[in-house]
Amino acid sequence: MPNYRIHKTEYIDETKRVSFKYDGKTYFGCEGDTLASALLANGIHLVGRSFKYHRPRGIVSCGAEEPNAICQIGSKKDLTEPNVRATELELYEGLEASSQNCWPNVKFDIGGINNFISPLIPAGFYYKTFMWPKSFWKKVYEPLIRLSAGLGKSPTEPDPDIYDHKHVHYDVLVIGGGISGIIAAKMAAKNNLKTLLVDDKKILGGSTIYQNNEAIKIDDKLSSEWLKNEIQEINKLSNLTIKTRTSIAAYHGYNFLLAKENLTDHLPEEKKKNKIRQRLWKIRAKKVVIATGSIERPLVFNNNDRPGILLSNSINKYLDFYGVSCGENIILFTNNDSAYETSISLHKKGIKNLIVDLRKSASSELIKQAESLGIRIYFNHVVTNTFGYRKINSLEIMKLSEDGNTTVGNKIKLSCDCLGMSGGWTPMVHMHTQSGGKLNFRDDDQVFLPKENSEDQISVGSCNGDFDLENIIDKTVNKINKFLDIDNQDYQDTNIICSKENDKRNIWLLPNKIPLGKTKCFIDFQNDSTAKDIKLALKEGFRSIEHVKRYTTTGMATDQGKLSNMHALGIIADTAGVKMGTLGTTTFRPPFTPLTFGTLVGRNVGKFFEVVRKTSMHEWHVENNAEFENVGQWKRPWYYPKKGENMHDAVQRESKAARDSAGILDASTLGKIDIQGTDASEFLNRVYTNAWSKLAIGKCRYGLMLNEDGMVYDDGVTTRISENHYLMTTTTGGAANVLSKLEDYLQTEWPELDVYLTSVTDHYSTASICGPNSKKILNKLFPNLDLSDENFPHMSFKEDKLENINCRIMRISFTGEQSYEINIEAKYGHSLWKMCIEAGKEFNLTPYGTETMHLLRAEKGFIIVGQDTDGTMTPSDLQMDWIVSKKKFDFIGKRSLYRSDTVREDRKQLVGLLTDDPKEILEEGAQIVSDVKSKPIDMLGHVTSSYFSPNLNKSIALAVVRSGKTMKGQKLIIPMENKNINVTVSDTIFLDKENKRLNA
Amino acid sequence: MFLINCPFCGERDQSEFSSGGEAHIVRPKQPTELSDDEWAEYLFMRKNIKGIQFERWNHAHGCRKWFNVVRDTSNDKILSVYKMGEKPPVNYK
Amino acid sequence: MLDILHPKISNINKNNIDINLSEEKIKINIRGKNKEFFTKVGKILSIILPSETNTSSSNENYDVLWLSPDEWMIYFDENKNTNIFDQLYKDISTLNVGSITDISSQLICINIKGENIFELLSSGSPFNFEKFKNNVGSSTQTLVNHIDVILHHKSKNNVNLFVRRSFSEHLYEWLVDSSNFI
């Protein structure tokens, strides 16, 4: 097996071998490797096939910008993960990875045929081709596209890993642990500011940490040595928190940032267990220093995508950080000085290399050094083609014309096994723009830079366009002093020597003798878009960069165009003949690198998926086999099935028992608001449609609350406890909103009212006992309470004690039966319930759930706000005109009740429906029509509530129907999938219209 | 995620608040006197400005107090907060 | 006497975090604005209602938390003085100088103490605990795991957390789960 690990570095422990599997084969790397560096050490460049043309692709970079080396990790159904960048994944014992987007394997891939038919699949191919014949879409095109769509395989079973979230607050957040970030963090923390430094790598220091060129020195030391000292120092600062393996995913307004910390992705599987895999940090920082650095640009020339073609600086990092050489015969193709650093470093380690430089000449320290070492440099030359299928083996270069627009002279063929390219550097302005910052364009080296820094955010270092070390350190120090309003002198006497780049030449699309149409000049490696595609889009009339991007899919892959966006812009600008800075950029959106769903969700999975509210009687319901229904956040008993019963059986039994003898409901979830103050009555007058001033103390009244638009908002019973003290109940789901709405009116519209509102929903537990035998049960519980209709009539309230504990008892009814609601302090709720059950035993007191409650109230035609209403129903639409006071001067929503639209007679109105076949139960939500033959069918309304009533022995339903009020007795039709159901419009009250049962 | 300076509790995360739309829309004292159009003006018409906007916010998960906010909707910066009943700061129009 | 059933909250001690149910406690919500109100409350409780945002006052009998400019919560152990509610109600509510509401069962008091409690709360709360943790006596209302809570910094690294009864078991389970990952 070849070994490309050619020298020792302090970041790789060669004594600790790590075995891993790639595409089923076992390899060895070392502790400290990434998957990419380990593959390269084994001589593996080919790691995948491109998305569209299935061209062989190799590792290009060493970081987050990697477009090609994306792998499927693991093979377990629950843990496998697609699209993981091999350049970021730290190697661990037992790691299993495989290449993606190829079948049957990466070396022989059937889809590779796409490469040969590529002239047939240009940009917009899908939009253009799959238009006709129309009938093909569903049966042929879509299944085929789906088969080839997507990268990698998603897990098919729930993620067993644990994720977490945490909020943190800092004075200063520094993003990026390169040299400028380290300086900024040190300055901030030493000045007593609580500081957080984050870096996505395992080791701080950015690209300076492996820098080893004698031309670049700080205080007479290699810059890497100097920086190591700095890192040691900042590790001692108590004010500074350093988080490595942590990347900022999003920078939101008000300096709110999301950072993902990788906690176990670098550990072998057995060590990952029961630990948090990733944590999402929710950071609030008073000030943010962005020091995210820059990434190297590729160059755009024919066949620039072969395995073995990497970014020049990445070759440098693999060599000096990981000790791995990417080849034995390397060519570096550049338009700037930084490739010379790579070249010199390679040369020192005895690796043969030469340089092809676009520039006509160059004269910095680095170049002099390279020349003196005898490194061959082809100035004013361009690579025009490369060769080698699974790996580059040679290339052609030609001389550039004076203006750089074309090539001249003869082709020179050079052999190589690796090509490094450097098209200059792109500052990482993602964070700056995500935070809302704007960009400037610097023509000099064709970069977008942060336009201005605000008082709470600043960019320093190479992400701010400062590339040479002297500039970086001096400017960072000055800017941080100003930004934090401090006077740090630590770096005043720092002596910096560095090579200064004097010459620049940038050509976005490199010239070639071959017509563009016959070349493969890749811009976006992952989405396979080429310079030709961009030009085609322009030719077809696309102008906006946002449109070109979407049409060609440039920059839309998982790498979000980190390597490609600038070239796309440059080629558009050149082609359209406009200045590059005027085009703007596409929008930089979070996340910077892909996040797992697990990280976003955190621990809000399983039982913490949703917040759960329980009543104090909950345990009893569980013990007695209740099925639960979610009502808002509450768990409410839905029905209590006995052995062998299904839901229908249980509900029929419960409903019948409640009407024949007695039933009991846990009504604790209803919202309860304590209302006190001298204006409490006036307040109720204003918020409910009916009048309240005359309600006697000790009496209860039902109220309907509207929105200002006249639509029903909530309902409930309110009890007058004393002169200026009421207890309001609201619907279960509406409790919080009603309180908030009432507070709104009190605080903003009627601050003159002396009224205080306090929620007591959770303070009381409520057992509601109904049925002909309810009075007898109450008598057993409260033997001293006079339950006669004279003393304790319907809609009144008494207080009594249950074994010394106060109870508030309301005689109110939502079922139409004689009914008592007993309220007790919640800590006694469970006892109260058990005592009720005990006392009711001889009367077959049957616990019933929400379903039976709904059925019983429907028999009586009582509405449920939110089920029979939907925010478009007025009281009149509900046939509840009786509850709207004509006398009151004003109440919320009153004026809206006679707007031209609310008085329309053909509004949808609440009616009853009876099916012709009394056994037929309608579906809630079913549409109602009068004529099934007309086309289109005129829809009149829909069913809102529907049940089989065991007490009436027939099916009943409530519905909203256009002009329903006038349609009583009329036949209508409910068209269902395979039949039409005939119904007759009826009254909304099906049972006991005379309310005899209330006092039976 | 805004950081809102509740006039009573100080700076808090946006998740503690709920928004109540445009501020300084006074409920008519005598709604019954209004024409449909005038009532609709109160009920439905809102400015939705790009730029400086006056809004109502409620510290729903804190002190439960409603208050006013001046916010530049073009960059989401909150320029000022003031209590209910107080006049809007004069330097914003 | 009727049996009392508290939410299922048992003592947990993990990673320097101690979580306990802290009941029985009487909690009373107090509302009012005028001078008479402040005088009366002061007299009955022998305590001055805290007027400063996010603070509390305490004496040997009661703790009073600021909730809003016209709202406070007083809490104390049940065995201390059981008729203080009646006294307050009689002198404040009945005489229309403010509003007194018993919320003893509305809120459950969970005591959290130990070095890492603010780390724990920060897992689910956007609140900035920087000042709070350095000031004994601070109080605040905020969200923890999307649930409304009132927090009272009773003594150093010792917080009484008040949560609505119906949410209390869920929040407790979440706190216990979170304490595994400090």
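What you see is a predicted model, and the numbers here were worked out from it, not measured in a lab. All values below come from the heavy atoms of this structure, side chains included, with hydrogens, waters and symmetry mates left out. Lettering follows sequence order; numbering is per chain, from 1.
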Test of understanding: with salt bridge (Lys or Arg N to Asp or Glu O under 4.0 Å), list the residues that count as partners of A:K194, not counting sequence neighbours.
C:E130
Indicate yes or no: at least one non-hydrogen side-chain atom of A:C836 is less than 4.5 angstrom from one of A:I822.
yes
Most chain C-contacting option - heavy-atom pairs closer than 4.5 Å, from A:N274, A:D164, A:V612:
A:V612
Identify which of A:M835, A:H725, A:K282 forms the greatest number of heavy-atom pairs closer than 4.5 Å to chain C.
A:H725
Does any heavy atom of chain A fall under 4.5 Å from the side chain of C:I103, the backbone, both, or neither of them?
both
Which side-chain hydrogen bond (donor to acceptor under 3.5 Å, both in side chains) pairs, counting each pair once, include a residue from residues 131-140 of chain C, with sequence neighbours left out?
B:R12-C:T140
Heavy-atom distances under 4.5 Å only: say whether A:L263 touches chain C with side chain, backbone, both or neither.
neither
With chain A, which of C:I147, C:L171, C:D102, C:N145 has the greatest number of heavy-atom pairs at distances under 4.5 Å?
C:D102
Does the ring center of A:H618 lie less than 6.0 Å from the ring center of A:F628?
yes
So which of C:L107, C:I108, C:T94, C:D3 has the biggest tally of heavy-atom pairs under 4.5 Å with chain A?
C:D3
Test side-chain contact (heavy atoms from CB on, under 4.5 Å) applied to A:R284 and A:Y170, step by step:
CA-CA 6 Å; A:R284 281 270 186 205; A:Y170 283 93; over 6 Å; no
Among residues 150-163 of chain C, which ones touch chain A with a heavy-atom distance under 4.5 Å?
none
Heavy-atom contact with chain C under 4.5 Å, split by part of A:E619
side chain
Pair count under 4.5 Å, heavy atoms only, with chain A: among C:L2, C:D177, C:L5, highest is C:L2
Should the pair C:H170 and A:F608 be assigned to parallel (<30°), tilted (30 to 60°) or perpendicular (>60°) ring geometry?
perpendicular
A:S681 and A:Y726: side-chain donor and acceptor closer than 3.5 Å?
yes
Interface moiety of C:S178 toward chain A, non-hydrogen atoms closer than 4.5 Å:
both
Largest heavy-atom contact set with chain C, pairs under 4.5 Å, which of A:I824, A:N724, A:T615:
A:N724
Audit row: C:I4, A:Y828, side-chain contact (heavy atoms from CB on, under 4.5 Å) steps and yes/no
CA-CA 5 Å; C:I4 291 170; A:Y828 301 112; 3.3 Å; yes
Where on C:K27 is there a heavy atom nearer than 4.5 Å to chain A: the side chain, the backbone, both, or neither?
neither
Measure C:N29 against the heavy atoms of chain A and call it side chain, backbone, both or neither at under 4.5 Å.
side chain
Whatever's closer than 4.5 Å to a heavy atom in chain A on C:Y89 counts as side chain
Closest-packed option against chain C by number of heavy-atom pairs under 4.5 Å, given A:T758, A:N804, A:T761
A:T758
Checking C:S99 against C:R31: is there a side-chain donor and acceptor pair closer than 3.5 Å?
no
Could you tell me which of C:V97, C:N180, C:I100 has the largest number of non-hydrogen atom pairs under 4.5 Å with chain A?
C:I100
Heavy atoms under 4.5 Å from chain A: which residues of residues 65-74 of chain C carry them?
C:D70
Does any backbone or side-chain atom of C:E119 lie under 4.5 Å from a heavy atom of chain A? Answer side chain, backbone, both or neither.
both
Just checking, is any N or O donor in the side chain of C:S10 or C:Y172 under 3.5 Å from an acceptor N or O on the other one?
yes
Per the side-chain hydrogen bond (donor to acceptor under 3.5 Å, both in side chains) rule, which among A:R603, A:K260, A:R277 passes with A:Y163?
A:R277
When heavy-atom pairs shorter than 4.5 Å are enumerated against chain C, which of A:K827, A:Q633, A:K275, A:R279 gives the highest number?
A:K827
Between A:S616 and chain C, with a heavy-atom cut-off of 4.5 Å, which part of the residue counts as in contact: side chain, backbone, both or neither?
both
Interchain contact, A:W281 with chain C, by part (heavy-atom threshold 4.5 Å):
neither
Among C:S93, C:G124, C:S168, C:P7, which residue forms the greatest number of heavy-atom pairs with chain A at distances under 4.5 Å?
C:S93
With rounding to the nearest 0.5 angstrom, report the CG to CG distance, A:L757 to A:L742.
6.0 Å
Examine whether an atom of A:S759 lies under 4.5 Å from a heavy atom of chain C, and if so say whether it belongs to the side chain, the backbone or both; otherwise answer neither.
both
